[in-house]
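Every number for a ligand or one of its atoms is a count from 1 in the order of the listing. Remember, it's a predicted structure, so these values are computed and weren't measured experimentally.
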Amino acid sequence: MVEYKLFINGKWVKASSGKTFHRVNPANPKEILGTFQAAGKEDINAAVDAAADAFPKWSSFPAPRRGEILLKIAHLLRENKESLARAMTEEMGKVLVEARGDVQEAIDVAEYMAGEGRRLFGYTTPSELPNKFCMTVRRPIGVIACITPWNFPMAIPAWKIMAALISGNTVIYKPSSDTPRCAVKLVEIMDKAGVPKGVINLVIGQGVEVGDHLVTHKTIRGISFTGHRDTGKHIIGIAGLKRVSLELGSKNALVIMPDADLDLAVDGILWGAFGTTGQRCTAASRVIVHKSLKKKLEKLLLERTKKLKLGSGLSPKTDIGPLINEAAQKKVHSYTEIGLKEGAKLLCGGRKPSLPGYFYEPTIFTDATPHMRIMQEEIFGPTTSIVAVEDINEAIEITNNVDYGLVSSIYTQNIANAFKAIEKCETGITYVNASTIGAEVHLPFGGVKQSGNGHREGGIEGIYEFTETKTVYIDYSGKLQKAQIDITTIKQ
Ligand code: UN1
C-alpha cells in the first residue's frame with residue numbers, strides 16, 4: 001500500500017500525531033487507493049509558519065518570474081495529463097473524458113495566471129491637485145488557506161492556488177479528504193516545477209476541528225473556500241476580519257421556451273444534470289419547460305436517459321460514474337423519497353443499481369412544483385426535476401425562486417427571451433442555448449444570493465480575490481498641498 005504524505009516547508013512528512021486514513025475507489029470500494037496522513041493542529045501550525053517565512057521572498061520575486069514557474073506547472077500537468085486523469089477517475093469517480101477536462105482546466109488556469117504575472121493591473125487617474133500623481137497597485141494578502149472540494153480535484157484547487165501564487169501570496173492547501181491522492185499529485189508537480197519551499201504547503205485533515213484551527217489561525221490572512229453552504233456560513237462566522245471568499249451551493253435552472261431547438265436542449269439537460277454524476281455546483285437540477293413542449297421533452301429525455309450506462313469511469317462505455325461516497329448515495333436516495341412524498345412523478349431512475357460502487361440511477365422527476373424540496377435544495381447527484389410553465393415571465397420567476405443564484409440557462413431562438421433571461425435571472429452566470437456547465441478559466445465564475453459572498457474566481461477577478469488594492473499618491477510639487485482644501489486656491 002502506498003503511503004502518501006503531507007507537504008510542509010518543501011518536505012514530504014508524516015502527520016505528527018501518526019494518524020492515517022484510507023481512501024477507496026468509489027466505483028469499487030474494496031479497492032483501497034492509499035494511506036494518507038491525517039493532519040492535526042501541530043501540522044497546520046508548522047505549515048502556516050513555513051508559509052509565513054516564505055512570504056517576504058516570494059512576494060518580492062517579480063510577478064513575471066512567478067509566472068514562469070506557473071508555466072512550468074502547466075507544462076508538467078500537460079505532460080502527465082493522461083496518468084493524472086486516470087488517477088482522478090479512480091479516486092473521484094468521474095468518467096475519464098471528464099477527468100481529462102478537469103486536468104485541462106488546471107492547465108488552462110495555470111497558463112492564464114502565468115500571463116497575469118505580466119499584468120496584475122492597477123490604474124492611474126488624475127489628481128485634483130497640480131503636480132501630484134495618483135495610481136493603484138495590487139499587493140498580495142499574505143498566507144492564504146485554499147480549502148477545496150472533491151468534485152473538481154485538480155481544476156478548483158488550480159483556480160485558487162495559481163491565482164494566489166501569481167499574486168505573491170503563499171498557500172496552505174487543504175483539499176477534501178475524499179480526494180487526497182489528486183492533491184498529492186498536484187503538489188508533487190508544483191514542487192517539481194520549482195515552487196520554492198514554504199510557498200505551497202499541503203495539509204490533508206479530517207474533521208471540523210482541523211478546519212477550524214486553520215481558518216482561525218492568526219497568521220492566515222485570507223481564506224478561499226468552495227463547498228457546502230453550511231460550511232461556508234460556519235467559516236465566515238469564525239474567520240473574524242480575515243478576507244474570506246466563498247463559492248457555495250446552487251440550484252440551477254435550465255429553461256426551455258417554445259421556440260427552442262428541443263434536441264439541443266435535451267443534449268444540454270443530459271450533460272447538465274448527469275455530467276459528473278450531477279456532482280457539480282453548476283448542475284442542471286431544475287428543468288423549466290414551456291407547457292407546449294412538456295410531453296415531447298419527457299419522451300425524448302426518457303428515451304435518451306434509458307440508454308445511459310453506469311459503471312467505472314475508466315471504461316469508455318460508461319456514461320455515468322459513481323457518487324463520491326456512501327453518504328452521498330444515501331443523500332441522493334433520500335431526495336428520491338422526498339420527491340415522491342411531495343407528489344412529484346418519477347419519470348425514470350430513483351434506485352441504487354446492484355453494482356458494488358456508490359452508483360445511483362439517473363433520476364428525473366416531472367410534475368414538480370416550485371416549492372417542493374427537490375426544487376429548492378441542492379441534491380448534488382444525478383437527479384433533476386421538470387416543471388411546466390405558461391411563459392417566459394413565469395419561467396424567470398421560478399428560476400429566481402430559490403436561495404441560490406449560480407447558473408441559469410435558457411434555450412430559445414427568440415432574442416427578446418434571451419435578453420430577458422440575461423437581465424432578469426438572478427445568477428452569476430447565464431448561458432443562452434448552452435447547458436449550465438462549461439465555465440472557462442478566463443471569465444469570472446461565481447454566484448449571487450446564497451451561492452457565495454460576492455467574490456469571483458477566474459480571469460482578472462480571480463486576481464482581485466487574492467490581492468489588496470493599494471492606493472498611491474506621489475506629490476512632486478515640493479510643498480504641502482491639502483486635498484479638499486487647497487483645491488479652492490488653484491489658479492487657472
Ligand atoms: C463546480 O461545479 O464546483 O462549469 C465548478 C463547470 C466547471 C466548473 C464547475 N468548469 O461546470
Output the distance between atom CG (Asn400) and atom SG (Cys425), rounded to the nearest 0.5 Å.
5.5 Å
Side-chain H-bond candidate by donor/acceptor type, Tyr335 with Thr363, under 3.5 Å
no
Do Trp159 and Phe445 make the cut of ring centroids closer than 6.0 angstrom?
yes
Tell me the closest heavy-atom pair linking Glu342 and Ile374, and the distance in Å.
OE1-N, 3.5 Å
Using a strict cut-off of under 4.0 Å between a residue heavy atom and any atom of ligand 1, list the qualifying protein residues by chain and number.
Glu105, Asn151, Phe152, Ile156, Trp159, Arg280, Cys281, Thr282, Ile437, Gly438, Ala439, Phe445
Residue pairs passing the ring pair (Phe, Tyr, Trp, His ring centres under 6.0 Å) test with at least one member in residues 78-116, sequence neighbours excluded, are none
I'd like to know whether CZ of Arg221 has more than 12 heavy-atom contacts from other residues, nucleotides or ligands below 6.0 angstrom.
no
